[in-house]
Amino acid sequence: MSRIPLPYNPKILELFKNPKNLGKMEDATVTAVAGNPMCGDMITFYLKINDQDIIEKASFESYGCAANIATSSIVTEMIKGLKLEDAWKISWKNVTDAVGGLPSVKFHCGILAVGALKRAIRKYYKNKGVSPDWLRGEPTFEEKQALEEEDLAKLLAKRMKAAAEE
Ligand code: FES
């Protein structure tokens, strides 16, 4: 069986081979996970935030594909030094552009990376017991997509388990 390689651009391949900010952060202020461990597409974001709500450091761990690793890596680069309010405005489209574009079947990998970032920001304020205006309202597109993907993965895992028991 032959596999057709995905048309990843050189920037993605380089970030995949040499990702920046990969690894657990021991002194993180907040961590957040998106994706599903059962299907393997899982990402964890670590943020170190100072008392002015500025991201001092960001790192990630990913069990996703090359696109997920590349987009997560670029997100950690993009948000370093930003106020949380500005980091919140980053969309999956900005991230996709920053890696030089993604094949459409891989859009979800970048969406998951931004979903994890947004979860981390939300969690930070929840832990603090503060609710800034810009954080109120509907969950963002990326957060909704991450939830949908997690639900889908759970459903598939359940079906597989049921099929195995038949
Ligand atoms: Fe699922 Fe990329 S993270 S295919």
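Ligands are counted one by one from 1 in listed order, and the atoms in each one are counted from 1 as well.
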As an exercise, identify every atom of ligand 1 less than 4.0 angstrom from a heavy atom of Cys109. 2 (Fe), 3 (S), 4 (S)
Does a donor on one side chain and an acceptor on the other come within less than 3.5 Å for Glu61 and Tyr46? yes
Out of all atoms in ligand 1, which are within 4.0 Å of some heavy atom of Lys106? Include the element for each. 2 (Fe), 4 (S)
Do side-chain atoms of Asn9 reach the backbone of Gly101 as a donor and acceptor pair under 3.5 angstrom? yes
What closest approach, in Å, do Leu135 and Arg122 show between heavy atoms, and which atom pair accounts for it? O-NH1, 3.4 Å
Test item: Asp41 side-chain N/O and Gly35 main-chain N/O as donor-acceptor pair under 3.5 Å: no
Looking only at protein heavy atoms, identify the closest one to atom 2 (Fe) of ligand 1 and say how far it is in Å. Cys65 SG, 2.2 Å
Write out the residue and atom name of the closest protein heavy atom to atom 1 (Fe) of ligand 1, then the distance separating them to 0.1 Å. Asp41 OD2, 2.1 Å
